[in-house]
K.L.:
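Take this structure first; my questions come after.
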Amino acid sequence: MHKSKAFVSAVAFIMTLAMAACASTRTQKSPGEGVDDSITTGRVKAALIADPVTKAHQIDVDTFKGKVQLNGFVDTAASKERAGEVARGTKGVTKVENNLTVKSDNPRSAGEVVDDAAITAKVKAALIGDPRTKAHQVNVETRDGVVQLSGFVDNSEAKSTAEELARNVDNVKSVDNELSVKK
């Protein structure tokens, strides 16, 4: 009888550990939430592709626990507004942060595009090189020297550090910090 109580206790302990490993925290999703967020991101992207007003290739979609961020640079205010409407109407979305920026109408030269790509690469390298930031949590896009940071980070220090690192990169005109702290 004593051995069966020990066995039951051991099984109960292992089950408790397994349940704890599957639970979410403020900064980490449970496996189920990760799958749900991936599905929600896919649904939003599919809806943006299907919509005739939005140019889905211009829009990055990030999801954390049902909260969707729309990030990037779009051609018109109508595209920005419509993208927000499409995302809000998508199953699984609990909240939408529309961080899209409307591009200027000025055509860009090949050199300007290359300069923006170089700035983006330098900002990403700075994020990777700093232990206070988890570079994989931060999306970086640059347009006309304006750097947009987006995504979901663990704490306010990571958010402010990412902005500081981006501001210190040569040729950055300004930083649009759209990072959200996970809650």
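All figures in this text were calculated on a predicted structure; none of them were measured in a lab.
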K.L.:
Can you tell if the side chain of V86 reaches within under 4.5 Å of the side chain of V44, non-hydrogen atoms only?
P.N.:
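V86 vs V44: side chains apart.
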
K.L.:
Answer with yes or no whether the hydrophobic clustering places L179 together with F73; edges join I, L, V, M, F, W, Y residues whose side-chain heavy atoms lie under 4.5 Å apart.
P.N.:
no

K.L.:
Assess whether side-chain hydrogen bond (donor to acceptor under 3.5 Å, both in side chains) is satisfied between T54 and S79, documenting all intermediate values.
P.N.:
CA-CA 5 Å; T54 61; S79 276; over 6 Å; no

K.L.:
For the pair T133 (side chain) and L127 (backbone), establish whether a donor and an acceptor sit closer than 3.5 Å, ignoring hydrogens and angles.
P.N.:
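The answer is yes, because a donor-acceptor pair under 3.5 Å joins these two groups.
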
K.L.:
Sub-3.5 Å donor-acceptor pair from the side chain of Q148 to the main-chain atoms of N99, do we have one?
P.N.:
yes

K.L.:
Looking only at heavy atoms, what is the nearest atom pair of G151 and N71, with distance?
P.N.:
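Taking every non-hydrogen atom into account, N-ND2, 4.5 Å.
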
K.L.:
Are any non-hydrogen side-chain atoms of D130 and T161 less than 4.5 angstrom apart?
P.N.:
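Counting from C-beta outward, D130 and T161 do come under 4.5 Å.
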
K.L.:
Would you call R82 and E85 a salt bridge, using N to O less than 4.0 angstrom?
P.N.:
yes

K.L.:
Side-chain donor-acceptor pair under 3.5 Å between T63 and T40, yes or no?
P.N.:
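Short answer, no.
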
K.L.:
Check this for me: does any side-chain nitrogen of one of K134 and D154 sit under 4.0 Å from a carboxylate oxygen of the other?
P.N.:
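Between D154 and K134 there is a salt bridge, with a charged N closer than 4.0 Å to a carboxylate O.
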
K.L.:
Flag yes if V181 and V138 sit in one hydrophobic cluster, no otherwise; membership is Ile, Leu, Val, Met, Phe, Trp, Tyr, and two members link when side-chain heavy atoms are under 4.5 Å apart.
P.N.:
yes

K.L.:
Between V153 and A158, which heavy-atom pair has the shortest distance, and what is it?
P.N.:
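Looking at all heavy atoms of both residues, the closest pair is CB-CB, 4.1 Å.
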
K.L.:
Can you confirm whether more than 12 heavy atoms, excluding those of K55, are under 6.0 Å from its NZ atom?
P.N.:
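Atom NZ in K55 is not crowded, with 12 or fewer foreign heavy atoms closer than 6.0 Å.
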
K.L.:
So do K103 and V74 actually touch side chain to side chain, heavy atoms under 4.5 Å?
P.N.:
no

K.L.:
Taking V53's backbone N and O only, do any of them form a donor-acceptor pair with D51's side chain (distance below 3.5 Å, no angle check)?
P.N.:
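Such a contact is found between D51 side chain and V53 backbone.
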
K.L.:
Any side-chain heavy-atom pair from D176 and T101 closer than 4.5 angstrom?
P.N.:
yes

K.L.:
May I ask you to test the F64-Q69 pair for a side-chain heavy-atom distance under 4.5 Å?
P.N.:
no

K.L.:
Is there a chain of hydrophobic side chains (I, L, V, M, F, W, Y, each step under 4.5 Å between heavy atoms) that links F152 to V93?
P.N.:
no

K.L.:
For residues D37 and G66, report the shortest heavy-atom separation together with the two atoms involved.
P.N.:
OD1-N, 2.9 Å

K.L.:
Would you name the heavy atoms of T120 and V140 that are closest together and state the gap between them?
P.N.:
CG2-O, 3.6 Å

K.L.:
So do the side chains of V68 and K95 get within less than 4.5 Å of each other, counting heavy atoms only?
P.N.:
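They are not in contact (no side-chain heavy atoms under 4.5 Å apart), so the answer is no.
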
K.L.:
Check the pair V123, T142 against side-chain contact (heavy atoms from CB on, under 4.5 Å), reporting the backbone distance first and the verdict last.
P.N.:
CA-CA 10 Å; V123 170; T142 307; 5.7 Å; no

K.L.:
Check whether L70 and L149 end up in the same hydrophobic cluster, where Ile, Leu, Val, Met, Phe, Trp and Tyr are linked by side-chain heavy atoms less than 4.5 Å apart.
P.N.:
no

K.L.:
At their closest point, which heavy atom of E97 faces which heavy atom of E178, and how far apart are they?
P.N.:
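For E97 and E178, the tightest heavy-atom pair comes out as OE1-O, 4.4 Å.
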
K.L.:
Within a strict 4.5 Å, meaning less than it, do heavy atoms of the V102 and D75 side chains meet?
P.N.:
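Heavy-atom side-chain distance check fails, nothing below 4.5 Å.
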
K.L.:
Heavy atoms only: give me the nearest I49-A56 pair and the separation to one decimal.
P.N.:
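So the two residues come closest at CG1-CB, 3.5 Å.
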
K.L.:
Does either side chain, that of D115 or that of N171, offer a donor lying less than 3.5 Å from an acceptor on the other one?
P.N.:
no

K.L.:
So do D116 and V147 actually touch side chain to side chain, heavy atoms under 4.5 Å?
P.N.:
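Sidechains of D116 and V147: no contact.
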
K.L.:
Please round to the nearest 0.5 Å and tell me the distance separating atom NZ of K45 and atom NE2 of H57.
P.N.:
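If we round to the nearest 0.5 Å, K45:NZ and H57:NE2 are 14.0 Å apart.
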
K.L.:
Evaluate E163 against K159 for salt bridge (Lys or Arg N to Asp or Glu O under 4.0 Å), listing each step before the verdict.
P.N.:
CA-CA 6 Å; E163 182 173 343; K159 179 178 178 171; over 6 Å; no

K.L.:
CZ of R132 to CD of E157: how many Å apart, nearest 0.5 Å?
P.N.:
6.0 Å

K.L.:
State the CD-OG1 distance between Q58 and T76, to the nearest 0.5 angstrom.
P.N.:
8.5 Å

